[in-house]
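Structure first, then comments.
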Amino acid sequence: MRTTIYYCDWDKKKKSCELLQLAISRYLDREIESITVCRTEEQGKPYVRELPEIHFSISHSGGIWVCAVSSAEVGLDLQVRYAGDGEKLARRFFHPSEICWLEIHGFDQFSRLWTYKESYVKYTGVGLKDGLDYFSVVDELPVAQREIPFREDFWMVLTGSKDMSHEIPLCYLE
């Protein structure tokens, strides 16, 4: 399994699809002339029609665009570290195990758990349609999740298969 995370400052002038095409070109080390992003019917997970062997996950937050490109299924989420108390939101949307974890570690960790949860639903392709309380990221999941060191004011989490012990480079898209 090989995964690379690409990122750039994003003012939304450049389309996400164009940035994805650039990221995939860099990942494959060759020019990709065009891509067509489609969604699977059963999960709604996006894929590139011309390159079904390439998997990706896109996120953006706080003026940053990120994309994990991989040879295996991945889910990536980026969130600005929310400084406030997310207790109300956690109690409304999170699994009971996660609420207990936040009671011990502090509700200021809300955005951190949110990033883990978003990464997981992107990996599965389910999205938010089933809510966020049917699974817990503080209990064992059938996947691996890694916090990716980025900037101190962001959380970044990558979800993938259990075998995700390899190095995951971060590359700036110019």
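Salt-bridge annotation for R91 and E98: absent, with no side-chain N of the basic residue lying under 4.0 Å from a carboxylate O of the acidic one.
When the side chains of ILVMFWY residues are joined at heavy-atom separations under 4.5 Å, either directly or via intervening members, V138 and F93 end up in a single hydrophobic cluster. Criterion: ILVMFWY side-chain heavy atoms under 4.5 Å apart, direct or through other members. Under it, L132 and L113 are part of a common hydrophobic cluster. Linking ILVMFWY residues whenever their side-chain heavy atoms come closer than 4.5 Å, directly or via other members, leaves V121 and V74 in distinct clusters. Transitive grouping of hydrophobic side chains (ILVMFWY, heavy atoms separated by less than 4.5 Å) brings L78 and I5 into a common cluster. A single hydrophobic cluster is seen to contain both F135 and I99, as judged by linkage of ILVMFWY side chains at heavy-atom distances under 4.5 Å, directly or through other members.
Distance check, rounded to the nearest 0.5 Å: CZ of R49 to OG of S34 gives 9.5 Å. Atoms CZ and CD, from R2 and E167 in turn, are 12.0 Å apart once rounded to the nearest 0.5 Å. Taking SG of C38 as the reference point, atom NZ of K45 lies at 14.5 Å (rounded to 0.5 Å). Atom-to-atom distance recorded for I148:CD1 and T3:OG1 is 9.0 Å, nearest 0.5 angstrom.
Between the side chains of Q145 and Y123, not a single donor N or O lies within less than 3.5 Å of an accepting N or O. At a cut-off of 3.5 Å, with distance as the only test, no side-chain donor of S111 or Q79 sits close to an acceptor on the other residue. Checking E53 against S71 by side-chain atom types alone, no donor-acceptor pair falls below 3.5 Å.
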Q: Check the pair Y82, R112 against side-chain contact (heavy atoms from CB on, under 4.5 Å), reporting the backbone distance first and the verdict last.
A: CA-CA 8 Å; Y82 177 67; R112 183 182 198 184; over 6 Å; no

Q) Between S59 and K122, does a side-chain contact (heavy atoms from CB on, under 4.5 Å) hold up when you go through it step by step? A) CA-CA 10 Å; S59 187; K122 288 179 178 184; 3.3 Å; yes

**Q.** From CA spacing to verdict: side-chain contact (heavy atoms from CB on, under 4.5 Å), S161, M1
**A.** CA-CA 9 Å; S161 68; M1 176 177 177; 3.7 Å; yes

**Q.** Check against side-chain contact (heavy atoms from CB on, under 4.5 Å), L76 and V66
**A.** CA-CA 8 Å; L76 178 70; V66 295; 3.6 Å; yes

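Through side-chain heavy atoms spaced under 4.5 Å, either directly or across other Ile, Leu, Val, Met, Phe, Trp or Tyr residues, Y27 is tied to Y6, W10, L19, L20, L22, I24, L28, I32, I35, V37, V48, L51, I54, F56, I58, W65, V69, L173.
Between T36 and E50 the shortest side-chain heavy-atom distance falls below 4.5 Å. Within the 4.5 Å cutoff, no side-chain heavy atoms of L89 are placed close to those of F94. Counting heavy atoms from C-beta outward, E87 and L102 have side chains that stay 4.5 Å or more apart.
Formation of a donor-acceptor pair under 3.5 Å by the S61 side chain with backbone atoms of V80 is found in this model. Of the possible polar contacts, none joining the E73 side chain to the G160 backbone as a donor-acceptor pair under 3.5 Å is found. At distances below 3.5 Å, at least one donor-acceptor pair connects side-chain atoms of S119 with backbone N or O atoms of G75. Side chain of R146 to main chain of V157: no donor-acceptor pair is present (N/O by atom type, distance under 3.5 Å, no hydrogens or angles).
Nearest heavy atoms, M164 versus L158: CE-O, 3.5 Å. The two residues A90 and F110 come nearest to each other via the heavy atoms N-CE1, 3.7 Å.
Within a 6.0 Å radius of CD in E18, other residues, nucleotides and ligands contribute more than 12 heavy atoms. Environment of NZ in K162: crowded, with over 12 heavy atoms of neighbouring residues, nucleotides or ligands closer than 6.0 Å.
Sorted by first and then second residue, the pairs that involve residues 155-174 and meet ring-ring contact (aromatic ring centres under 6.0 Å, His included), not counting sequence neighbours, are Y7-Y172.
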